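Heads up, the thing below is written out as structure tokens.
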Amino acid sequence: MRVFLSLLALAVIALGIAMTLTDIPFGKPKADIATHYVENGREDTGAVNIITSVVLGYRGFDTLGEVAVLFVAAMGLGAVLATGTRTPKANGWEPASLVLYTGCRFLFPLIVLFGAYIFIHGHLTPGGGFQGGAIIASAFLLTYLGCRGRRVHEAWSSAVESLGGLTFVVLGLAGLTAAGHYFLSAFLPAGTLGQLFSGGIIPLIYIAIGLKVGSELAGVIDRLVEESQ
Amino acid sequence: MSFLEDYAYYFGAFGLIFIGLLIMLVKHNLIKVIIGLSILDTGVNLFLISVGYISNGTAPIFCRDDMDPSRMVDPVPQALVLTAIVIGVAVLAMALAIAVRLYQRYGTLDLRKIKELRW
């Protein structure tokens, strides 16, 4: 009965979607705003990657809100999982073998380096702060899976996270007082297109976002792993 | 057949969305419901990306100066999905944390046995 009702509801939804989608052509340009961004994005923001110029140039304020959502989710996770006792219990798992342990310790700095490369080059190549942060968090996940006993130093994690968020807001406020007179205005020189040191405040914000997202997701992994022990 | 070829991405995206919705509606195990939520999330992201696709378009990144702006795909859905993926991870982590707490409280993940969640 439940399956039947569910299928019926899905069929109704599918009918509505099909009626809507037949009016939307596939593979054709649809919005003028896209053309505007693609044609003027380089001059307006100084970023070669147009997606980055949309995320941080045209829509920087929305990205600040999105970073706040991620922060609230990580904080809510901590609140839901808070047990009061922070003393790590001794678990009965046997330690990893020497090969696994050494391999994880060898790979950890390389993965962090790759993540840093991704978010430093966010305005030039595919990638950016969120992707690079996720890669850095994956390095911490590898440590948790491969080298049991090693863990994130909580004070450092919180400090890096706070510093990342603070840098974003301070750069936005600096734009408020500097030339542009609005929040997150590009007050640094745009530089030469396609160079590493270009794009004004965009690389700085992406570095802040990368550190923040990386430490935040590492904290999420830390809490979930701690809970499962 | 050209209809199917033109709308292949839409069919794939909504296939994922409906699979995720069906899992969420039918399954009784909370972990499976969360997996359904994740599949639904992936389908929505794929749909948004495919709405912004332009036939034979390239990624909106000027690797060289002589690239043609009119052949680039819409960057706005890609920027939206970039943020939607991160929000999806946050929602997933939050849901898993609540599942952990529910298991500690009731000793089961079966939604039929958890009193407050029965429907």
Side-chain angles (χ1 to χ4, degrees), chain A residues 2-3 5-7 9-10 13-14 17-18 21 24-31 33-35 37-39 41-42 48-55 58-59 62-63 66-67 69-70 72-74 76-78 80-81 124-126 128 130-131 133-134 193-194 213 217 220-221 223-224 227-228, chain B residues 3 5-11 14 17-19 21-26 28 47 50-57 59-65 67-87 89-98 100-101 104 119:
Chain A
R2 185 168 143 149
V3 177
L5 276 180
S6 306
L7 284 174
L10 285 189
I13 298 172
I17 288 168
L21 274 187
I24 302 177
F26 180 73
K28 305 246 180 358
K30 294 177 193 69
I33 189 83
T35 322
Y37 283 162
V38 167
E39 279 170 0
R42 283 181 298 178
V48 180
N49 185 346
I50 302 299
I51 299 163
T52 298
S53 77
V54 172
V55 168
Y58 295 106
R59 294 259 152 249
D62 297 350
T63 306
E66 197 244 338
V67 169
V69 168
L70 189 61
V72 169
L77 186 88
V80 168
L81 287 183
L124 301 176
T125 55
F130 296 104
Q131 298 92 320
L193 270 180
V213 170
L217 292 183
V220 165
I221 292 166
R223 291 200 188 95
L224 284 175
E227 194 61 33
S228 70
Chain B
F3 174 79
E5 276 171 22
D6 287 350
Y7 289 89
Y9 284 98
Y10 289 168
F11 277 109
F14 279 102
I17 290 174
F18 286 133
I19 289 170
L21 268 177
L22 192 65
I23 292 174
M24 287 173 75
L25 289 171
V26 169
H28 298 295
F47 171 65
S50 59
V51 163
Y53 180 69
I54 292 170
S55 295
N56 300 319
I61 299 170
F62 289 91
C63 309
R64 302 187 310 271
D65 282 340
M67 291 181 81
D68 182 11
S70 63
R71 278 194 56 238
M72 287 183 169
V73 300
D74 192 341
V76 180
Q78 304 207 2
L80 285 176
V81 167
L82 172 66
T83 55
I85 289 172
V86 179
I87 299 297
V89 169
V91 168
L92 199 63
M94 196 69 206
L96 283 174
I98 292 172
V100 167
R101 270 279 165 267
Q104 286 173 346
W119 71 286

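None of the values given here were measured: they were computed from a predicted structure. In what follows, every chain begins at residue 1, and chains take the letters A, B, ... in the order their sequences are listed.
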Validation: residues 73-83 of chain B side-chain donor-acceptor distances under 3.5 Å, sequence neighbours left out:
unit_1   : atom_1 : unit_2   : atom_2 : d
Asp74(B) : OD1    : Val76(B) : N      : 3.0
Thr83(B) : OG1    : Leu80(B) : O      : 2.7

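Ile61(B) approaches Pro126(A) most closely through the heavy-atom pair CD1-CG, 3.5 Å. Listed here is the closest heavy atom pair of Cys63(B) and Val48(A): N-CG1, 4.3 Å. Scanning all heavy atoms of the two residues, the minimum distance from Ser6(A) to Leu25(B) falls at OG-CB, 3.5 Å. Arg101(B) approaches Leu81(A) most closely through the heavy-atom pair NH2-O, 3.3 Å. Closest heavy-atom contact between Met72(B) and Val38(A): SD-CG1, 3.8 Å. In terms of heavy-atom proximity, Ala90(B) sits nearest to Leu70(A) at CB-CD1, 3.7 Å.
Between chain B and the options Ala134(A), Ala14(A), Gly128(A), the largest number of non-hydrogen pairs under 4.5 Å is found for Ala14(A). Ranked by heavy-atom pairs shorter than 4.5 Å toward chain B, the options Pro29(A), Ala74(A), Ala31(A), Ser53(A) are led by Pro29(A). When each of Val72(A), Val67(A), Asn49(A) is scored by its heavy-atom pairs under 4.5 Å with chain B, the top score falls to Asn49(A). Between chain B and the residues Lys28(A), Arg42(A), Glu39(A), the most heavy-atom pairs under 4.5 angstrom are made by Arg42(A). Counting heavy-atom pairs closer than 4.5 Å to chain B, the top residue among Leu193(A), Ile33(A), Val55(A), Val220(A) is Val55(A).
Within the 4.5 angstrom heavy-atom criterion, atoms from both the backbone and the side chain of Val86(B) approach chain A. Contact of Tyr10(B) with chain A is made through the side chain alone, with heavy-atom distances under 4.5 Å. For chain B, the nearby part of Leu124(A) is the backbone; its heavy atoms alone come within less than 4.5 Å. Ser50(B) touches chain A through backbone and side chain together, each having a heavy atom under 4.5 Å away.
Rounded to the nearest 0.5 Å, atoms CG (Leu21(B)) and CD1 (Ile13(A)) are 5.5 Å apart.
Two residues are said to be in side-chain contact when any heavy atoms from C-beta on lie closer than 4.5 Å; Phe11(B) and Leu21(A) fail this criterion. With a 4.5 Å cut-off on side-chain heavy atoms, Val89(B) and Phe130(A) do not count as touching. Side-chain contact check for Leu22(B) versus Leu7(A): some heavy-atom pair is nearer than 4.5 Å. Counting heavy atoms from C-beta outward, Phe14(B) and Ile17(A) have side chains that approach closer than 4.5 Å.
The local environment of OH in Tyr53(B) is crowded, with over 12 non-hydrogen atoms from other residues, nucleotides or ligands closer than 6.0 Å.
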